[in-house]
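The structure appears below as structure tokens.
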Amino acid sequence: MNEAFRFLFDNYYVFLCTIARSYLKDSFVSETIVGDLIYNIWKLRGRIEIKTSLKAYLIRSVKK
């Protein structure tokens, strides 16, 4: 697995799941959404343009 993907997952997955659970009240759905988000960001990494911090981008993505 690529080091950049591992960094993204290791540093943000639990944090983002906590945010998602605060909105959804369902751990399974929260974990699925966050996993899908991280996977899609990785898959589209060459085309995504983040104009804020990565953390802010990820939080905003989970809230939408």
Side-chain angles (χ1 to χ4, degrees):
M1 186 177 294
N2 188 292
E3 286 182 42
F5 179 84
R6 174 58 64 191
F7 173 85
L8 184 64
F9 187 87
D10 288 347
N11 287 284
Y12 292 103
Y13 180 78
V14 173
F15 172 70
L16 294 172
C17 284
T18 301
I19 292 171
R21 265 193 303 277
S22 73
Y23 288 96
L24 301 171
K25 311 297 186 219
D26 185 309
S27 293
F28 177 77
V29 173
S30 299
E31 292 169 10
T32 301
I33 288 170
V34 171
D36 288 350
L37 169 65
I38 290 174
Y39 171 76
N40 284 313
I41 286 174
W42 180 250
K43 189 170 76 171
L44 300 172
R45 68 190 175 277
R47 295 183 284 182
I48 294 176
E49 201 172 312
I50 299 173
K51 299 187 188 260
T52 61
S53 72
L54 175 59
K55 185 175 182 178
Y57 180 88
L58 292 170
I59 291 169
R60 192 169 6 112
S61 296
V62 168
K63 289 182 177 181
K64 289 185 175 190

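In what follows, residues are counted from 1 in the order of the sequence shown.
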Measure the CD1-NZ distance between I48 and K43 for me, rounded to the nearest 0.5 Å. 10.5 Å

Are the side chains of V34 and I19 in touch, meaning some heavy atoms are under 4.5 Å apart? no

Partners meeting ring pair (Phe, Tyr, Trp, His ring centres under 6.0 Å) with F15 (sequence neighbours left out): none

Value for OG (S61) from CD1 (I38), rounded to nearest 0.5 Å, stands at 10.5 Å

Residue pairs fulfilling ring-ring contact (aromatic ring centres under 6.0 Å, His included) with at least one residue in residues 42-61, sequence neighbours excluded: F5-W42

Between the CD1 atom in I50 and the CG atom in L58, the distance rounded to the nearest 0.5 Å is 6.5 Å

For T52, what residues pass the side chain to side chain donor-acceptor pair (under 3.5 Å) criterion, not counting sequence neighbours? R60

Closest heavy-atom contact between C17 and S30? O-CB, 4.1 Å

Working to the nearest 0.5 angstrom, can you tell me the gap between L54 CG and F7 CZ? 7.5 Å

To the nearest 0.5 Å, atom CG of L44 lies from atom CD of E49 at 13.5 Å

Spatial distance of atom CG (L8) from atom CZ (R45) [nearest 0.5 Å]: 11.0 Å

Out of curiosity, does Y12 fall in the hydrophobic cluster containing V14 (side-chain heavy atoms, cut-off under 4.5 Å, transitive links)? yes

